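One structure below.
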There are 2 protein chains.
Amino acid sequence: MDKWDFKSGSILSGLPENDLDQLMAHRLEQVYKKGELIFREGAYPQGIFYIMAGKVKKFKVDESGREHIVYVANAGDLIGYHAVLAEERYPDSTAALEESRIAFIPKEDFLDMLNHSGILGRRLLKNLSHEFGVLANGLTLFTQKSVRERLALQLVVLREKYKVDFQPGMSVIINMSREDLAGLVGTTKENVVRVLTEFKQAGMLETRGRKIVIHDVGQLVRIANYR
Amino acid sequence: MDKWDFKSGSILSGLPENDLDQLMAHRLEQVYKKGELIFREGAYPQGIFYIMAGKVKKFKVDESGREHIVYVANAGDLIGYHAVLAEERYPDSTAALEESRIAFIPKEDFLDMLNHSGILGRRLLKNLSHEFGVLANGLTLFTQKSVRERLALQLVVLREKYKVDFQPGMSVIINMSREDLAGLVGTTKENVVRVLTEFKQAGMLETRGRKIVIHDVGQLVRIANYR
DNA sequence: TTGAAAAACTGCATAATATCAATTTTTAAA
DNA sequence: TTTAAAAATTGATATTATGCAGTTTTTCAA
C-alpha cells in the first residue's frame, strides 16, 4: 500500500513515491467550508490544488451576475494547473460545494517536478487531452440539446460523482442546490425545478428536502441521448 | 529564415530544426478538396495532421443529422493530436472547408519526438492548457448568450481567421455557407440568415452572393460582449 | 422547539428559438 | 449561355425557455 494513497485513476496515482514526496513536500493543507472560495477568476496562480476530500465547483460569473458551473471536481482531482501551465490568470473561480480538504502545492515544486520527471508531464498531457475531449463534447451537447436533456445528462454525471460504496440497483443521493444545478445545466433554477418535478412524477428520482435521490438512471440516460 | 517556415505562434514554430526534420521525415502531404473528410469521429488515430495551407472544420454530427462545428482550424495548426495523446478514438470528425494542403505525421514519429525533445511536450502542455481555457470560456458563452450575440462573436473570430494582407479599416471576406455558420453558432441556417439580415441593415456587413463581407467589427464586438 | 431567512416551488405572461413550407437566388456543370 | 441542383431567403406557426411575483417548504441557529 502506497504512502500516498491516491484514488486509482487520479492524475497522481501510481507515480514514483520519491517524486510524490518531493511534490508534496511544501504543501499546505486546508479545510474549506461549504461555499468558501478557493481561488478567484483573474487571479495570478501561485500553485496548484489537490483535492484530498470533498467536492468543488469551477465556475464563471457573467455580467448579469448569473453563475455558470464549468466543472464539478472530486476528491483525487488536481485543479488550477491549466493556468500555471498556460502561464495565464485563472479563467474561472473555484469554490467548495461541501466541506473539503485541499492541499496547495507551490508552483515551483510543480514545475520542478514537471522538468525532472517525464512521467508527470506525460500524465498531464494525457489527462488534459482527455478533459479537452470531454469538454468539447459538452459544448456540442449544450448547444444542441434542450434543458430537459441537459439536466438528465448532468444528473447522470453527478450520480457518478456522488456515488460511494455503490451496489448495482442502489439509489444515489445528490446533494446540490437547484441554483448550482441550474448553473451546471445553463438555465434558471425555476426550469430545474420544473424538469425535476417531471422526472419525479415519472418515478426516475425522488426529492428529499433539497437532496435528490436518483432511482432509475437508465431512463435518464435515455432522455439525455434522445434524438 | 527557417527551412520550416511555420507561422509564428503555431505550435511547431521556433522548435530546433533537427527536431523538425525528424518529425517531418515520414510525413505524407496531401491536398484535400472542399468538403473532403480528413478523419472520421470514432476512428483510431494513426498520426497527427499539420495544416500547411487552407482551413478545416472539426465537427460532430448528432443523432438527428445536424452538424455542430467545434472549431475552425487554420494553416499552421496541428490537429488530431489530442486523440493520440489521450490514447482514445477521435471525438469528432474533420473535413476541409476549402481546398487544403495537409501533412500527415505518423504517430510513432510524433511520440518519439515527444520523448526525445522535452520542448515539444512543454509546448503542447502550454497550448492544450490555453485551448482548454478558451473552450471552457466558449462553453459559458454558448449557454448564456443569445443566438444574435453568439453569431456576432463567431463573425469576429472568423474575421481573424479569414483576414490576409490586412490593413486597418479594410473589410474582410468570410466564405462560409450559412449551414456551416449555423453549425458553428449552434442554431439553424434560417436563424443565421435572419440575424445576418439585421446586421446587414445596420451596415455592419454586406453579403455578396454567399460570401460575407465584414465592414464594422467594432459594432459586432459590442454586440458579442453585451450584458 | 420555534421563528426568521433561505431555498424551493408554481402559474402566468412574454420572449426567443425552432420548424415547416414555400419561393427566390446563386452556383457550377453541360 | 443555359439550366438543373444546391443554397439562401422569407413568412407563418409551434415549441421551448425565461422572467417575475407570489406561496410554500426547508434549514439553521437562537
Side-chain angles (χ1 to χ4, degrees), chain A residues 33-35 62-68 97-99 141-155 173-201 205-213 223 226-227, chain B residues 33-36 57 62-68 97-99 141-155 173-201 205-213 223 226-227:
Chain A
K33 279 178 294 194
K34 179 175 177 173
D62 71 14
E63 295 82 343
S64 71
R66 236 165 71 172
E67 191 177 280
H68 185 262
L97 271 175
E98 57 186 45
E99 186 167 294
L141 294 174
F142 267 95
T143 51
Q144 306 212 327
K145 294 204 182 247
S146 65
V147 166
R148 181 168 175 271
E149 292 162 328
R150 269 142 54 196
L151 179 54
L153 182 70
Q154 290 294 359
L155 288 174
I173 298 174
I174 296 173
N175 193 3
M176 197 182 235
S177 75
R178 305 296 179 267
E179 192 144 27
D180 277 342
L181 219 38
L184 199 52
V185 171
T187 184
T188 59
K189 52 186 183 305
E190 293 93 333
N191 280 332
V192 168
V193 169
R194 285 186 255 266
V195 178
L196 280 180
T197 303
E198 185 209 317
F199 289 171
K200 184 161 54 178
Q201 281 164 359
L205 51 84
E206 180 193 341
T207 54
R208 287 189 199 148
R210 63 191 47 161
K211 296 195 179 80
I212 298 165
V213 189
I223 290 171
Y226 177 70
R227 49 172 99 169
Chain B
K33 281 178 292 195
K34 179 175 177 174
E36 201 175 344
K57 59 178 175 184
D62 70 14
E63 295 81 343
S64 71
R66 238 165 69 172
E67 194 176 277
H68 184 262
L97 271 175
E98 56 187 46
E99 186 167 294
L141 294 174
F142 267 105
T143 50
Q144 307 213 327
K145 294 207 182 245
S146 66
V147 166
R148 181 168 175 271
E149 292 162 329
R150 269 143 53 196
L151 179 53
L153 182 70
Q154 289 295 358
L155 288 174
I173 299 173
I174 296 174
N175 192 2
M176 198 181 234
S177 75
R178 305 295 178 269
E179 191 144 27
D180 277 343
L181 219 39
L184 199 52
V185 171
T187 183
T188 59
K189 54 184 183 306
E190 291 94 335
N191 280 330
V192 168
V193 169
R194 284 186 254 266
V195 179
L196 281 181
T197 302
E198 185 208 318
F199 289 170
K200 184 161 52 178
Q201 282 165 358
L205 52 84
E206 180 193 339
T207 54
R208 287 190 199 147
R210 63 191 48 162
K211 296 194 177 81
I212 298 165
V213 188
I223 291 171
Y226 176 71
R227 57 168 95 168

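Each chain gets a letter, A, B and so on, in the order its sequence line appears, and its residues count up from 1. It should be emphasised that the depicted structure is a prediction, and the values quoted were computed from it without experimental measurement.
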Inset, instruction - Scan residues 184-200 of chain A for pairs that pass salt bridge (charged side-chain N to carboxylate O under 4.0 Å, His left out), counting only residues two or more places apart or in two chains. - result: Arg148(A)-Glu198(A)
Inset, instruction - For Thr207(B) and for Arg210(A), locate the closest nucleotide of DNA chain D by heavy-atom distance; then report the residue assigned to the nucleotide nearer the 5' terminus. - result: Thr207(B)
Inset, instruction - Quickly work out the Arg66(B) CZ to dC20(C) C1' distance and round it to whole Å. - result: 14 Å
Legend entry - Whole-Å gap separating P (dT27(C)) and CD (Glu179(B)): 16 Å
Inset, instruction - Using five base pairs at each end, measure the axis-to-axis angle across the helix from dT1(C)-dA30(D) to dA30(C)-dT1(D) and round it to 10 degrees. - result: 50°
Legend entry - Main-chain N/O of Leu151(B) paired with Gln154(B) side-chain donor or acceptor, under 3.5 Å: no
Inset, instruction - Can you sort out the partners of Glu99(A) under side chain to side chain contact (heavy atoms under 4.5 Å, CB included), two or more places apart, ordered by chain and number? - result: Val31(A)
Legend entry - Closest heavy-atom pair and its distance - Glu67(A), Asp180(A): OE2-OD1, 3.6 Å
Inset, instruction - Give a yes/no answer on whether the side chain of Arg148(B) brings an N or O atom under 4.0 Å of OP1 or OP2 in dA16(C). - result: no
Legend entry - Between P of dA7(C) and NZ of Lys211(A), the distance in whole Å: 15 Å
Legend entry - Contacts of Glu206(A) that satisfy salt bridge (charged side-chain N to carboxylate O under 4.0 Å, His left out) - sequence neighbours left out: Arg208(A)
Legend entry - 5' to 3' contact window, DNA chain D with chain A (heavy-atom distance under 4.0 Å): dA17(D) to dT27(D)
Inset, instruction - Can you tell me the distance, in whole Å, between the CG atom of Leu151(B) and the P atom of dT17(C)? - result: 11 Å
Inset, instruction - Would you kindly give the CD-to-C1' distance between Glu206(A) and dA8(C), to the nearest whole Å? - result: 16 Å
Legend entry - DNA chain C contacts among residues 185-200 of chain A, heavy-atom distance under 4.0 Å: Glu190(A), Val193(A), Arg194(A), Thr197(A)
Inset, instruction - Could you give me the CA-CA distance, side-chain angles and deciding distance for Val213(B) and Ile173(B), then say whether side chain to side chain contact (heavy atoms under 4.5 Å, CB included) is met? - result: CA-CA 4 Å; Val213(B) 188; Ile173(B) 299 173; 4.2 Å; yes
Inset, instruction - Identify the two heavy atoms, one from Thr188(A) and one from Arg66(A), that lie closest to each other, and give their separation to 0.1 Å. - result: CG2-NH1, 3.8 Å
Inset, instruction - List in chain and number order the residues that pass side chain to side chain contact (heavy atoms under 4.5 Å, CB included) with Leu153(B), two or more places apart in sequence or in another chain; answer none if no residue qualifies. - result: Leu141(B), Ala224(B)
Legend entry - Nearest atoms (heavy-atom pairs only) where Val147(A) meets Val195(A): CG1-CG2, 4.3 Å
Inset, instruction - Mind running side chain to side chain contact (heavy atoms under 4.5 Å, CB included) on Val185(A) and Lys145(A) for me, showing each step along the way? - result: CA-CA 11 Å; Val185(A) 171; Lys145(A) 294 204 182 247; over 6 Å; no
Inset, instruction - Specify the closest pair of heavy atoms between Leu184(A) and His68(A), including all atoms of both residues, with the distance to one decimal. - result: O-NE2, 4.3 Å
